[in-house]
Amino acid sequence: MVSAIEVRNLTKAYGELLAVNHINFSVSQGEIFGFLGPNGAGKTTTTRMLTCISTPTEGSAQIMGFDIQKQAFDAKEQMGVVTDISNVYLDLSAQENLIFTGKLYGLPKEKRLDKARELLEMFGLYDVRHESVKGFSGGMRRRLTIAMALVNDASVLFLDEPTTALDVQSVRVIHELIMKLNSSGTTIFLTTHNMTEASELCNRVAIISQGRIATIDTPERLKQAMDRVHSVEVVFDSSSSHLVKEMEELHGVRGVQKRGNKLRLLTLSPPEVLAGIFQFSERNNIRLLSVNTLSPSLEDVFLEMTGEEIVERPKGLGKMSGRRGPVGPRRSDH
Amino acid sequence: MQQGVRLDRLRKESARAWAIAWKDMRTYYLTPPSLMFGVLFPIALFFTFTVGRNLSSLQSLPILLSQTVFWASSTVGPVVIPLERRTKTFDRYLSAPMSLFSVLLGKTLAGIFFGLLVSIAPLLIGIFIFQAGVMNVIALALGIILSCFAFAAMGIMFASVPTESVGNIMMPLNFVRIPLLFISGVFIPIGELPLIGQVVACLSPLTHTLVLVRRGLGVESFNIPLEASIIALVVTSLLFLYLSFKFHESIKKRE
Ligand SMILES: Nc1ncnc2c1ncn2[C@@H]1O[C@H](COP(=O)(O)OP(=O)(O)OP(=O)(O)O)[C@@H](O)[C@H]1O
Ligand SMILES: [Mg+2]
């Protein structure tokens, strides 16, 4: 069976910046493929190339076997696209937006209205279907954008951070929708920087950093890494330089990072560390100003999975392209 | 078989181009910038050119028609495209199953119809109220339709400047549109220009608009064979469209 998405050496250069740097991957039909990375990693740039919005500088890709450059028409017929920004026609109503999209994808006239109606109901926009989209909230626009990507019953659906701007309730609805579409055979390419989203929905997750794919792994491995890198953030009423060392010696602490007056203790078991912190504070008579447990950050998980530090690309520094961060000096053991 | 596939593709592409044109017509014709540059401007300029020049209504009509097709057609693209860039809706066309060429053709069609629409009223008033006689229907019709095509494509070409603001396109566009008025026989008869001026005039599509419309209405005009003017307008239309295509393609490479 032909791959849903096949990417070879795909590259995008903006001047000297390699926003996407010779990446390779392949997504099978029926997969939910997660594309996870920090801001500026090149996720949107990759998606824009795959959906024919921007032309690759180098390399090639196929969607359901159709080359995105040489057979663009056929490739695009296979796709549904949700871009990172909710791009709806502000001068049209919700229903007109869907009908116009239907025309662009060649739906016959009778089917356009039925489909629009079905999607408006599905996304809770039926009651406002005749209202101009100009008055829609960010979340409503997002829902309409997703609805518009479903008009043509695409076999490959590209979603670039589909759940931004949505409330918890709507996020759940979209997640359920993704699962449902997938179980009826749609391949999903899901771009996100939300690890929980990636690990819960995807069959495989690629982690992209500075234009390169650092690793492609299972969501189980991602979850394990997430479990390993909980952290506790603590602020003491003391600026003693010994604190870092003292914290490193607490039971269950795997590493300590100092950020301003905050100390971040990496751990497998936050409760154990919390107990240790309270004991330490009492025993040494150092007052605690604040204690927080933090859910794992993408940086920590990335470090855990690849042994490399994730570096957010500074804007405008072309020369940084493709360089990977050094192995983290802040890690104390494994 | 192969031909069937091709015909089917052509049918799909043109239906989608038309969908774009229709949407633009419905959404943008009545917006302030379209009305200002597409309707008010040509009428204002018409009065500037004609008042006090002692022209008969028959001599004025071609000037008015040349202004409406010129300004209205070339305005739609520069109004629509930057707005669609700003809202990122232009990206939708690129990821939809249609070629870039069809997208631009759809945008051009919206300009063509705006030019036709704005020109219909003066044409009807001229014919029915001022009794302008149509001497050569084909010259008149082709003059108006092909000019709308050429100027709409010119607008699309200028709208290839990758900007999100309408002003950034109107500025350079007017920088070209206004000088064209002076070398195209609107103001100064081409016969009175020096030879170099006459050569430049022949390169301006607006010259050919006036030649065809004047001949169509039986008004004396600069002496160019009708066929030459028709070919000139067709060639400029295709050239503008081709250049727009190339510009947009290079934007896709950069963005
Ligand atoms: N049109 C452009 N011109 C120049 N540089 C660009 C352009 N688009 C993106 N970049 C740069 O390319 C890099 C990758 O950007 P991209 O938008 O793909 O990141 P992303 O992974 O989608 O990030 P985010 O999580 O913020 O959406 C960034 O450094 C960005 O500044
Ligand atoms: Mg992005």
Side-chain angles (χ1 to χ4, degrees), chain A residues 12-15 19 45 47-57 63 66 68-69 71-93 96-97 99-109 112 132-134 141 145 148-149 151-152 154 158 160, chain B residues 5-6 8-34 79-103 106-107 110 162 164 245-255:
Chain A
K12 184 79 189 188
Y14 294 118
T45 308
T47 316
R48 283 169 62 87
M49 287 191 282
L50 292 178
T51 54
C52 303
I53 295 171
S54 106
T55 310
T57 312
I63 307 293
F66 297 112
I68 56 166
Q69 294 193 75
Q71 299 159 293
F73 186 94
D74 301 298
K76 289 192 280 188
E77 273 196 324
Q78 304 291 327
M79 309 179 197
V81 183
V82 172
T83 51
D84 55 341
I85 291 162
S86 300
N87 52 351
V88 290
Y89 295 94
L90 298 178
D91 303 294
L92 302 181
S93 70
E96 286 166 339
N97 265 285
I99 290 190
F100 177 59
T101 311
K103 288 183 185 173
L104 289 184
Y105 284 84
L107 257 65
K109 195 170 174 163
R112 288 199 288 262
S132 160
V133 168
K134 234 175 228 147
R141 290 180 191 188
T145 307
M148 286 161 83
V151 162
N152 62 326
F158 288 89
D160 193 348
Chain B
V5 172
R6 255 191 236 133
D8 183 54
R9 173 78 186 274
L10 191 67
R11 191 185 51 75
K12 286 180 178 169
E13 295 266 2
S14 42
R16 291 165 205 189
W18 175 249
I20 293 180
W22 178 244
K23 180 202 69 76
D24 285 356
M25 284 154 69
R26 284 193 39 210
T27 6
Y28 294 105
Y29 278 11
L30 292 178
T31 58
S34 304
V79 168
V80 178
I81 293 179
L83 286 177
E84 293 197 329
R85 266 190 219 294
R86 191 188 305 158
T87 55
K88 309 289 174 207
T89 43
F90 198 83
D91 290 347
R92 288 196 172 273
Y93 307 131
L94 304 177
S95 60
M98 63 191 300
S99 64
L100 177 58
F101 194 79
S102 303
V103 175
K107 295 279 166 205
E164 297 182 355
F245 178 75
K246 284 287 162 196
F247 287 147
H248 278 273
E249 228 179 19
S250 89
I251 294 171
K252 266 182 74 177
K253 285 205 183 106
R254 263 183 293 134
E255 283 195 341

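- For the pair B:E84 and A:Y89, the minimum side-chain heavy-atom distance is below 4.5 Å.
- If you measure heavy-atom distances from A:E96 to chain B, the contacts under 4.5 Å come from the side chain alone.
- In this structure, the portion of A:Y14 lying under 4.5 Å from any heavy atom of chain B is its side chain and not its backbone.
- Relative ring orientation between A:F100 and B:Y93 is described as perpendicular, the plane-to-plane angle rising above 60° on a 0-90° scale split at 30° and 60°.
- Residues A:D84 and B:K88 are not paired through a salt bridge, judged by the lack of any N-O separation under 4.0 Å between the basic side chain and the carboxylate.
- Neither the backbone nor the side chain of A:S132 comes within contact range of chain B; no heavy atoms are under 4.5 Å apart.
- The side chain to side chain contact (heavy atoms under 4.5 Å, CB included) test with B:T87 singles out one residue from A:L90, A:D91, A:V88, A:I85, and that residue is A:L90.
- For A:I53, the parts lying under 4.5 angstrom from a heavy atom of chain B are both the backbone and the side chain.
- The CG atom of B:L94 lies 8.5 Å from the CZ atom of A:R48; values are rounded to the nearest 0.5 Å.
- Side chain of A:K76 to backbone of B:A96: a donor-acceptor contact under 3.5 angstrom is found.
- Both the backbone and the side chain of B:I20 come within contact range of chain A, each with at least one heavy atom under 4.5 Å from a heavy atom of that chain.
- Residues A:K103 and B:K23 are not in side-chain contact: their nearest non-hydrogen atoms beyond the backbone lie 4.5 Å or more apart.
- Counting heavy-atom pairs closer than 4.5 Å to chain A, the top-ranked of the candidates B:S95, B:A19, B:G106 is B:S95.
- For B:F90, no part lies near chain A; criterion is any non-hydrogen pair under 4.5 Å.
- Legend: side-chain hydrogen bond (donor to acceptor under 3.5 Å, both in side chains) pairs involving residues 245-255 of chain B, not counting sequence neighbours, sorted by first then second residue: B:S160-B:H248.
- Residue A:I68: no heavy atom, backbone or side chain, is found under 4.5 Å from chain B.
- Heavy-atom neighbours of B:W18 CH2 from other residues, nucleotides or ligands within 6.0 Å: above the threshold of 12.
- Looking at A:S54, both its backbone and its side chain come within 4.5 Å of chain B, counting heavy atoms on both sides.
- For the set B:R16, B:K12, B:R26, the count of heavy-atom pairs under 4.5 angstrom toward chain A peaks at B:R16.
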